[in-house]
Amino acid sequence: MPDLATVKVFRYDPSRDTQARYETFEGVPYRDRSVLEVIHLICEERDPTIAFREGCDNGTCTGCAMVVNGEPVLACQQAAEKEMVIEPHPKFKIIKDLVIDFDELRERPEI
Ligand code: FES
């Protein structure tokens, strides 16, 4: 029996939702996986509607920037934990769920 995680994922679609919510996924295999791999797994096996960015998978593009248990991380470089709350980076406008608007970085480079 593999070690299994409880993962709370921030969900919000500004085009439809009046407020954000968290969706909890129990029993998610997480050992030897990155946070990004765990999100992939949840999308493949539980809920394909979670929005998140994919990218280089090696820590250089910053496309997977998000917040895990209150700490800003690159999800592709962060080891998954047994209890995780996964949220979008708070300094950017939310496009949907974990996808943030990087265009703001060009317009407000002080972010
Ligand atoms: S996917 Fe490029 S930094 Fe994580």
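If you're wondering where the values come from, they're calculated on a predicted model, not measured in any experiment. Remember, it's 1-based here, ligands and their atoms both numbered in the order they're listed.
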> Counting backbone and side chain alike, does C64 bring an N/O/S atom below 2.8 Å of atom 2 (Fe) of ligand 1?
Replying inline: no

> Among all protein non-hydrogen atoms, which one is nearest to atom 1 (S) of ligand 1, and what is the separation to 0.1 Å?
Replying inline: D57 N, 3.2 Å

> Near G59, which atoms of ligand 1 are under 4.0 Å from a heavy atom of that residue?
Replying inline: 3 (S)

> Should the pair D17-K96 be classified as a salt bridge under the 4.0 Å nitrogen-to-oxygen rule?
Replying inline: no

> Which heavy-atom pair separates F92 from D101 by the least distance, and what is that distance?
Replying inline: CD2-O, 3.4 Å

> If you count the atoms of ligand 1 from 1 in the order shown, which ones are under 4.0 Å from a heavy atom of G55?
Replying inline: 1 (S)

> Just heavy atoms, cut-off under 4.0 Å: does T62 contact ligand 1 by side chain, backbone, both, or neither?
Replying inline: backbone

>> Before you tell me yes or no, could you show the steps for E87 and Y22 under side-chain hydrogen bond (donor to acceptor under 3.5 Å, both in side chains), namely the whole-Å CA-CA distance, both residues' side-chain angles and the distance that decides it to 0.1 Å?
In response: CA-CA 9 Å; E87 302 169 296; Y22 289 85; 2.3 Å; yes

> Of all the atoms in C76, is at least one N, O or S atom closer to atom 2 (Fe) of ligand 1 than 2.8 Å?
Replying inline: no

> Going by the order shown, which atoms of ligand 1 are within less than 4.0 Å of some heavy atom of T60?
Replying inline: 3 (S)

> Hey, any chance M66 and F102 share a hydrophobic cluster, counting ILVMFWY side chains that come within less than 4.5 Å of each other, even indirectly?
Replying inline: no

> Roughly how far, to the nearest 0.5 Å, is the CG atom of D47 from the CD1 atom of I39?
Replying inline: 12.0 Å

>> When you measure from the side chain of R33 to the backbone of E81, do you find a donor-acceptor pair of N or O atoms at a distance under 3.5 Å?
In response: no

> Vertex atom 2 (Fe) of ligand 1: angle to SG of C56 and SG of C61, to 10°?
Replying inline: 100°

